[in-house]
Amino acid sequence: MPTIPYSQLTLKLITGIFIYLLLQLNFFTLLQMGFPFITSLTDSLFNAGLLILGNSAIMHTFRYYQPPAGKFWITLVLAAVFAFLLALAAHLLLPVIIRGDLAYTTLLNRTFGIRTGFAILMVGMMVVLNILWNLLNRQGEAAERAQETLALAREAELFKLRQQLQPHFLFNSLNSINALVGSQPKEARKMIEQLSTFLRATINRKDGELVPLAEEMEQINRYLEIEKLRFGHRLQTEIHINENCTEAALPPLLLQPIVENAIKFGLYDTIGEVTIRLSSNCQNGFLTIEVTNPFDPGTSPARRGTGFGLSAVQRRLYLIFGRQDLLRSEALNNHFTTTINIPQHYVQGNNNR
Amino acid sequence: MFRVIIIDDEPLASQVIREYLEAHPQFEVTQACNDGFEGLKAIQQHHPDLVFLDIQMPKINGFEMLELVEDPPAIIFATAFDEYAIRAFEHHAVDYLLKPFSQERFDKAIHKFAQQHSADNAGRGEKTKALLETAAQSPMQNDRIVIRDNNNIRIVLVDDIHYIEAADDYARIATSNGIYLKNRTMQSFEQLLPASGFIRIHRSYIVNIKEITQLHQLEKETYLVLLRSGKKLPVSRSGYSKLRVALK
């Protein structure tokens, strides 16, 4: 939506144009009526000058003063009185400046009514314009603030969603390291490094920046390596990334909870070996990633909706892309598949949809 | 000599306990199990003195497994499970170890076990009974019930239950796949099952609302519900008023 810059400068410009037009009208009317050039110019310039003075008084008054709703009409009446005083000043002063022109003085006397009318009209208009102008200005500022607050809240929420890293994972990994320290210190060191790199990447990521799939997969692989150490040969993974996908962009750590979910249900819902499959494809402007895990439909209730971990992912996708349909999950023949679609032609920072 | 069974789905986690136990030669690891099923079998077979039990495990968790043990041995929980959740068991179990734990912390737990073991062998029965009751109330998995059916373990989803019938100390759980016995009171079922889906329609019956097809009036103040399976169940007066509210 294109917005008018409600600044004091624009207001001054608009009023200036109005006064200038009025000055022209004033000047040419007098010239037309047969008054000399200098008389016409002096009269019109004087009137315009008075209006400019009056207007700056109005601007100063209404810049920080917003008449309460009940006082609007009183304000207008006061403005009319002010306009009448301006007209009166012109009426008294003009004959002093332009002397000895009888025709002009007569005209001045005869047109006092219409000049007063014009003055009231102009001043009234300026007052209303000023009031509306400042009102819109304030509303614009409030809206801007509201949007800023919203953006902050959204950032905080995204942060929280990312932080939902399973404490279980952390403590159990530390426990595995504890085990390795005694028997296989080299392995322990390796695992400490893996865990640290994983945690560092989790902490350092910035929201709002999309990362290439290749980078995200590095993180996933670190995670999977740790999980494999924990669960021994029970956990197998099959990862297939289409070659044209490595540069595809996605929100950081978006895959993490999906893979976590798959592992959790795969490992805790079945006994024996578990294979987690991850594949990706790039088509029609979307990066599509599928994660599949085995599950037992007999013992795990058809997970209400998408489960907690996945609903957080859905929420995040919605916050970033403004769409609810980017995550799907289905259970088929003892396999649970989660699919996410990441739009690739998304312009970052365009949040005002 | 104390016989010990370790039940943990992570091999490395069992390894730590084995290693720490080397400092206590009077303890001997009889078996290390990878899940609750194996664990249950091992406990029934070997009657160990002490079990190290993890909570989050495949298929059935540690609490659910405990529920199925007839005469539970002394338990030390070893888990990364949230501390607040396990506090409920603190007084019933010998001890609980939060992973990762040190040899010193482990030794303390072993010491506690040895003390309790010599102090009162008789009091232990009460303790494990209390532990089982707490386990039954565990909110961790309230969408399913674990049942021992001869030598099989069945996991019944709460949604699949048609009705539950009181039978002395037991309860008969009727599902599409048959009727299972579970030694638990009607009252505990009433607490466990979601009130939005289940109603105690009678002193002896809790019914799944979704299974009800008809509400019959036999005589004045005497009602019956007809279930999808064709089964008819009596409704008491207070059950009737609860039903009317729920079926509205």
Side-chain angles (χ1 to χ4, degrees), chain A residues 164-185 187-188 190-192 194-195 225-235 260 263-274 293-305 307-308 331 334, chain B residues 8-20 22-23 33-39 54-62 64 78-83 85 97-103 105-106 140-147 153-161 175-177 194 197:
Chain A
Q164 279 163 353
L165 199 144
Q166 303 277 334
H168 259 263
F169 167 71
L170 185 58
F171 291 125
N172 279 317
S173 300
L174 288 172
N175 193 51
S176 303
I177 291 172
N178 193 25
L180 291 172
V181 164
S183 54
Q184 306 158 66
E187 282 294 308
K190 199 176 123 196
M191 193 166 175
I192 288 174
Q194 276 169 337
L195 187 62
E225 283 306 309
I226 297 169
E227 290 290 63
K228 277 185 190 166
L229 253 171
R230 280 179 57 198
F231 292 101
H233 40 260
R234 249 196 96 198
L235 179 63
E260 242 168 55
I263 287 187
K264 192 175 147 205
F265 279 95
L267 286 176
Y268 291 115
D269 214 40
T270 57
I271 280 178
E273 265 187 34
V274 170
N293 64 274
F295 86 112
D296 185 343
T299 56
S300 75
R303 287 176 241 159
R304 297 157 219 89
F308 176 73
N334 303 343
Chain B
D8 197 311
D9 63 324
E10 296 185 32
L12 286 172
S14 303
Q15 192 189 310
V16 177
I17 296 175
R18 271 180 193 277
E19 237 179 88
Y20 285 171
E22 280 169 15
C33 308
N34 293 319
D35 57 63
F37 297 120
E38 266 182 53
D54 187 12
I55 292 170
Q56 201 179 35
M57 288 189 296
K59 284 284 189 199
I60 58 171
N61 65 49
E64 286 172 331
T79 175
F81 203 65
D82 310 270
E83 197 170 356
L97 299 167
L98 287 174
K99 290 176 184 170
F101 45 86
S102 65
Q103 174 89 53
R105 180 67 190 81
F106 181 86
M140 196 182 172
Q141 281 282 1
N142 56 4
D143 51 6
R144 62 188 203 190
I145 291 170
V146 188
I147 290 160
I153 293 166
R154 292 194 188 278
I155 297 168
V156 175
L157 296 183
V158 160
D159 282 348
D160 293 344
I161 296 174
T175 70
S176 316
N177 299 327

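Computed from a prediction, not measured in an experiment: that's the story for all the values here. Here is how names work: the chains are called A, B, and so on, in the same order as the sequence lines, proteins then strands, and each is numbered from 1.
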Q.
To the nearest 0.5 Å, what is the distance between CG on D269(A) and CD1 on I155(B)?
A. 8.0 Å

Q. Within a strict 4.5 Å, meaning less than it, do heavy atoms of the F231(A) and E10(B) side chains meet?
A. yes

Q: Count the heavy atoms belonging to other residues, nucleotides or ligands that lie under 6.0 Å from NZ of K228(A), then report whether that count exceeds 12.
A: yes

Q | Pairwise distance CG(N175(A)) to CG(L97(B)) - rounded to 0.5 angstrom | A | 10.0 Å

Q: For each of D35(B), I60(B), V156(B), tally heavy-atom pairs with chain A at distances under 4.5 Å, and name the one with the top tally.
A: D35(B)

Q: Starting at CD of E19(B), measure out to OG of S183(A) and round the result to the nearest 0.5 Å.
A: 5.5 Å

Q: Can you tell which part of L267(A) gets under 4.5 Å to a heavy atom of chain B, answering side chain, backbone, both or neither?
A: backbone

Q) Just how far is it from atom CZ of F171(A) to atom OG1 of T79(B), taken to the nearest 0.5 Å? A) 11.0 Å

**Q.** Nearest atoms (heavy-atom pairs only) where F101(B) meets N178(A)
**A.** O-ND2, 3.1 Å

Q) CG/L12(B) to CG/L229(A) distance, rounded to the nearest 0.5 angstrom? A) 6.5 Å

**Q.** chain A contacts, top residue of R154(B), M57(B), K99(B), R18(B) (heavy-atom pairs, under 4.5 Å)
**A.** K99(B)

Q. Non-hydrogen atoms of chain B under 4.5 Å away: do they reach the side chain of T270(A), the backbone, both or neither?
A. backbone

